[in-house]
Amino acid sequence: MERLDSDTVSALIASLKRHGVSDEIINEALSEVTQRWLNCGATTVNFHECWVKTET
């Protein structure tokens, strides 16, 4: 998954809410992703590479 622009993230959040995902779960997921991105150095263009890198 490549970097998502703010419109894409907003659309994803709206879709999750329509499917019944709570604000609490969405916020937890966003926090996790943000933390992993920061731990990765936020320099990796490919999000998947960053995600895998921070899982170990």
Side-chain angles (χ1 to χ4, degrees):
M1 175 166 54
E2 299 298 322
R3 287 188 191 183
L4 300 175
D5 62 36
S6 61
D7 290 341
T8 303
V9 173
S10 295
L12 174 61
I13 291 170
S15 177
L16 290 170
K17 287 181 178 184
R18 283 192 304 275
H19 285 85
V21 178
S22 70
D23 286 343
E24 180 182 0
I25 297 298
I26 292 170
N27 288 330
E28 287 177 21
L30 289 172
S31 293
E32 179 183 350
V33 168
T34 301
Q35 188 59 49
R36 284 187 182 213
W37 189 253
L38 293 173
N39 289 344
C40 188
T43 58
T44 305
V45 175
N46 186 311
F47 183 79
H48 177 72
E49 289 177 13
C50 178
W51 190 264
V52 171
K53 178 180 174 183
T54 59
E55 281 189 323
T56 58

Partner of Ile25 under side chain to side chain contact (heavy atoms under 4.5 Å, CB included), chosen from Asn27, Val21, Asp23: Val21
N/O donor-acceptor pair under 3.5 Å between Ser15 side chain and Ala11 backbone: no
CA sep, side-chain torsions, deciding dist, call: Ile13, Ser10, side-chain contact (heavy atoms from CB on, under 4.5 Å): CA-CA 5 Å; Ile13 291 170; Ser10 295; 5.8 Å; no
Rounded distance (nearest 0.5 Å) linking atom CD1 of Ile26 with atom CG of Leu30: 7.5 Å
